[in-house]
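As structure tokens, the structure follows; a few thoughts come after it.
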Amino acid sequence: MNELLELLEEIQVKLSTLLRLDVEVDSFEPIAALDVSYKGERACACAVLMEGEELLERRTYLSDAPFPYVPGLLAFREAPLMLRALRLLEGRPKLILVDGHGIAHPRGFGLASAIGLLTGIPTVGVGKSILVGRVEGSGPLKRLVVGGKQVGFSVEKGRRFYVSPGSNISLSSVERLVKWLGLSYPRALKEADRWSRECLK
DNA sequence: GCGACAG
DNA sequence: ATCTTGTCGC
Ligand SMILES: [Mg+2]
């Protein structure tokens, strides 16, 4: 089984070379958000679509968790479910927020990167804690650095969270997005979290 | 070898 | 992520 995990890690290393991190994105809406909740082996992925403060759509997809949780390999557990929920959306998001990191990952290929590569849509990873890297700088918007290179931001406004590009979007665009969000945790992700949990009750 | 380790 | 009740504070 360790061989399988090593194989999956090698796949991440190769796929990371296919990421597009030079795309300037200036239009973020309609914006989608993805999250997954669990109840034993049962899993529920939720995709929401928002425009301003209006929740345009809310779709959920239920199934059994296809893969266990292994730090660094979260994409193999949640991406398949998130993609199914995403496909249920009728509207087309200009950007997707994912509950989990983007390139702020040991091999530069987190959950948000997988979603971005598989959809071609700009994706941004939003984590509530650090998987890899350290925070540098000061102020409410700090730099998240890995191996001397900035891979994202540490955002502070009440609760602290970490943001990094998934794919199809540049680091500078992510910075503009964070400022556009007013440095606060995205309402869309709160909705996705709430409803993914709700559908398991 | 030991500790860290998204959700 | 989930397990879980009350409790401190705005
Ligand atoms: Mg979540």
Side-chain angles (χ1 to χ4, degrees), chain A residues 1-2 4-6 8-9 11-13 15-16 19 21 32-48 60-86 96-118 123-135 142-147 149-167 169 171 174 178 184-186 188-201:
Chain A
M1 196 91 272
N2 286 301
L4 169 59
L5 301 187
E6 291 175 6
L8 295 179
E9 292 181 349
I11 289 176
Q12 293 183 316
V13 171
L15 292 181
S16 69
L19 298 180
L21 305 172
L34 267 25
D35 193 13
V36 181
S37 287
Y38 302 88
K39 183 178 182 182
E41 276 303 276
R42 289 303 280 173
C44 178
C46 178
V48 299
T60 53
Y61 175 77
L62 298 73
S63 72
D64 288 310
F67 196 79
Y69 169 68
V70 180
L73 298 178
L74 182 63
F76 294 97
R77 177 178 173 78
E78 303 194 339
L81 309 179
M82 288 182 162
L83 289 173
R84 296 301 294 266
L86 185 62
I96 303 172
L97 296 175
V98 180
D99 184 30
H101 296 290
I103 61 173
H105 176 279
R107 292 163 291 284
F109 195 79
L111 175 57
S113 296
I115 299 294
L117 192 61
L118 269 34
T123 56
V124 174
V126 180
K128 295 178 284 297
S129 64
I130 296 176
L131 170 60
V132 64
R134 38 185 309 171
V135 179
K142 308 183 186 63
R143 301 188 302 281
L144 179 55
V145 178
V146 175
K149 302 292 296 181
Q150 180 177 7
V151 296
F153 301 88
S154 167
V155 189
E156 176 94 69
K157 186 193 175 187
R159 6 244 131 273
R160 186 152 166 144
F161 57 100
Y162 308 86
V163 187
S164 63
S167 188
I169 187 170
L171 193 59
V174 169
V178 170
S184 57
Y185 193 79
L189 279 171
K190 292 180 183 175
E191 293 293 342
D193 175 71
R194 173 188 174 183
W195 297 109
S196 65
R197 200 193 318 284
E198 199 67 39
C199 77
L200 287 173
K201 293 181 178 178

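Here is how names work: the chains are called A, B, and so on, in the same order as the sequence lines, proteins then strands, and each is numbered from 1.
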d(CZ, A:F76; P, C:dA1) in whole Å: 21 Å
SG-SG distance A:C44 to A:C199 under 2.5 Å: yes
Whole-Å gap separating P (C:dT2) and CG (A:D99): 10 Å
Spacing of A:D193 atom CG relative to B:dA6 atom P, expressed in whole Å: 17 Å
Partner of A:L34 by side-chain contact (heavy atoms from CB on, under 4.5 Å), out of A:I96, A:T123, A:V126: A:I96
Sugar-phosphate, base or nothing in reach of A:G72, heavy atoms under 4.0 Å: base
Spacing of A:F153 atom CZ relative to B:dA6 atom C1', expressed in whole Å: 19 Å
N-O pairing of A:K128 and A:D99 below 4.0 Å: yes
Sugar-phosphate only, base, or nothing, as touched by A:L200 at under 4.0 Å among non-hydrogen atoms: nothing
Sugar-phosphate only, base, or nothing, as touched by A:K128 at under 4.0 Å among non-hydrogen atoms: sugar-phosphate
Whole-Å distance separating the CZ atom of A:R197 from the P atom of B:dG7: 12 Å
A:L131 CG to B:dA6 P, straight-line distance once rounded to whole Å: 6 Å
Sugar-phosphate only, base, or nothing, as touched by A:G110 at under 4.0 Å among non-hydrogen atoms: base
Heavy-atom closest pair, residues A:A114 and A:A75: CB-CB, 4.0 Å
Sugar-phosphate, base or nothing in reach of A:R42, heavy atoms under 4.0 Å: nothing
OP1 or OP2 of B:dG7 under 4.0 Å from side-chain N/O of A:S129: yes
Whole-Å gap separating C1' (C:dA1) and CE (A:M82): 12 Å
Stacked pair A:Y69-C:dA1, distance under 5.5 Å, angle under 30°: no
Given C:dT2, B:dC5, B:dG7, the nucleotide with the shortest approach to the side chain of A:S37: C:dT2
Under-4.0 Å side-chain N/O to phosphate OP1/OP2 contact, A:R77 with B:dA6: no
Touch class at under 4.0 angstrom, heavy-atom based, for A:Y38 against every strand present: sugar-phosphate
Residue A:R134 excluded, over 12 heavy atoms near CZ under 6.0 Å: no
Whole-Å distance separating the NE2 atom of A:H101 from the C1' atom of B:dC5: 10 Å
Touch class at under 4.0 angstrom, heavy-atom based, for A:I130 against every strand present: sugar-phosphate
